[in-house]
Amino acid sequence: MTQELTAVHTESPSSKPTGWWRDAVIYQVYVRSFADSDGDGVGDLRGIRSRLPHLARLGVDAVWLTPFYASPQADGGYDVADYRAVDPLFGTLEDAADLVRAAHDLGLRVIVDVVPNHTSDRHRWFQEALCDPSARARYHFRPGRGPGGDLPPNDWESVFGGPAWTRVDVPVGSGGSRPEAGGEWYLHLFAPEQPDLNWEHAEVREEFDSVLRFWLDLGVDGFRVDVAHGMVKPPGLPDIGHSGQARLIGEQVLPFFDQDGVHEIHRSWRRLLDSYSPALRPCGTPGQRIGVAEAWAPTSERLALYVRPDELHQAFNFRFLNCPWDPEAMRRVIDESLAATASVGAPTTWVLSNHDVVRHTTRYGSLARARAAALLMLALPGSAYLYQGEELGLPEVTDLPDEVRRDPAFRRGGPATGAQGASADGQEGLRDGCRVPMPWSGAEPPYGFGPGGSWLPQPADWAGLTVEAQTGDPHSTLELYRAALELRRALPGLGAGPDPAGNGEGNGMRWLDSPAGVLAFGRPGFVCTFNTRGTPVELPSPGRPVLSSSPLGGDGRTVLIPADSCTWWAI
Ligand code: NOJ
């Protein structure tokens, strides 16, 4: 059946809000898996620098680098031992400065990770705390419960499985006696190697202000704030009364997350970021320094609190990432996300994949759907995050041998631990499958990743997925992303965020009537059709097709929208 799409308004969006980040496309580089310069099989800063032209050509606005700081790598660098040092695995501080400069020269901004919820257990503060009980106030140490204090202080579970508490030895006395077991317990919402900091302690706050300044002075354009919803714990650390497994990204309401107290920290960081005016930039690129929250909050409205005008600039939209291949659910999540962020005058963000979840090619079950979802995401108002390799259509690697897996949750008894491929979303210890190093060129591993091997084995059948193999092939996923990002800059209305007045209309987006299973929306000068059905759908042509995730059929007047596809139309 042919069904008409209703007319689209063609007025231009109201005043375009300022701020480069409002509609930026930001590319996540998982540092150890992007490009290796020295042949040790682990990606590094020089490797990234050598591959910046790929990112410039792709057409992204900024790069987010996952942690490259000094770390024992118990959780892929999210266990930081020294926030001001580069781990030798990844290079030197000079390499970091060179990378930032080279990126700026290519017009790319650089966002780095900051990990404030916890340090590494090798951090100087924690080492001091282990030796000296009077130096423990920067963390959460408590006596145990039960006879002999043998039970953890409360019933919290770690996100990586098992109790969120680990017991330490009684420190060696000045007499040099052997350490005695049976001391206090410390809190770690993640791995035991990641003790949680106590953000009530003034020194913790001062230290992170200083760390942020350190990287801002080096020239970075902003921070991705790890566990931005977790730094403040409920007073008294009460039991939560059930044994629910906490998750990184998931529908959950846990009292140790999303405490109101975190907002004061974000406000103070916003003041700090704002104090770095363009005039003070050492590297010449004009623009604001931003903060993006990796936060989980129970509702879109609670999440919007993190992006109020005096808090962080953006928050990842994990509800969009979590959405099943269901047009109604997708439309609902899009509407709720836009409404919630518009209510505080912030842009919405969109994301499909990252280093913590199963790649969306695999999650959605096919490359066709992954390509369609990418075009949908890039047509929506606001800012979009891409995860390295999604521009190549990389699937999740589901058959990694146990012995190469590094995800700390893999050995901690999470629900799907050890059962390869059994995880629905990869969070239960199987996050290595989305972290397999990038294939750049050549016919066999390591596919140009570096002069040595690669820290996780790459599949033998990735030769056709390399950047080299896909470049110039008009049907490739890489060329689809390149074309989409180019059009995003060229087509009027695309990418612009909601207006700062927060009335939700400034993005110019309107849903159009469409057949069941098809989502269609218009923005000024533009229509996007998204067919979630497994069969083609015939429609009157809404305009001139400018990009489609699958080849269109039809006779010109009507058009046959392919199964599982997304098409952009100029009108
Ligand atoms: C979120 C990060 O994305 C994840 O990789 C890490 O394991 C946790 N935070 C803990 O830092």
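Note: hydrogens, waters and symmetry copies are ignored here, and every other heavy atom, side chains too, is used. Atoms within a ligand are numbered from 1 in the order they appear, just like the ligands themselves.
Remark: F316 pairs with W64, F318, Y385 by the ring-ring contact (aromatic ring centres under 6.0 Å, His included) rule, at least two apart or across chains.
With rounding to the nearest 0.5 angstrom, the CZ atom of R51 is 11.5 Å from the OG atom of S37.
Taking every heavy atom of R224 and a limit of under 4.0 angstrom, the matching atoms of ligand 1 come to 1 (C), 2 (C), 3 (O). When each atom of ligand 1 is checked for a heavy atom of E294 under 4.0 Å away, the hits are 1 (C). Below 4.0 Å from some heavy atom of D356 lie the following atoms of ligand 1, by number and element: 1 (C), 2 (C), 3 (O), 4 (C), 5 (O). If you number the atoms of ligand 1 from 1 as listed, the ones under 4.0 Å from a heavy atom of F190 come out as 8 (C), 10 (C). Counting the atoms of ligand 1 from 1 in the order shown, those under 4.0 Å from a heavy atom of H118 are 10 (C), 11 (O).
A donor-acceptor pair shorter than 3.5 Å can be found between the side chains of D75 and Q194. In this model, no donor atom of one side chain and acceptor atom of the other lie less than 3.5 Å apart for W165 and S158.
Using cut-offs of 30° and 60° for the angle between ring planes, the Y78 and H355 rings count as parallel.
Using a 4.0 Å cut-off between heavy atoms, F160 contacts ligand 1 through its side chain alone, with no backbone atom that close. For V227, every heavy-atom contact with ligand 1 shorter than 4.0 Å involves the side chain, none the backbone.
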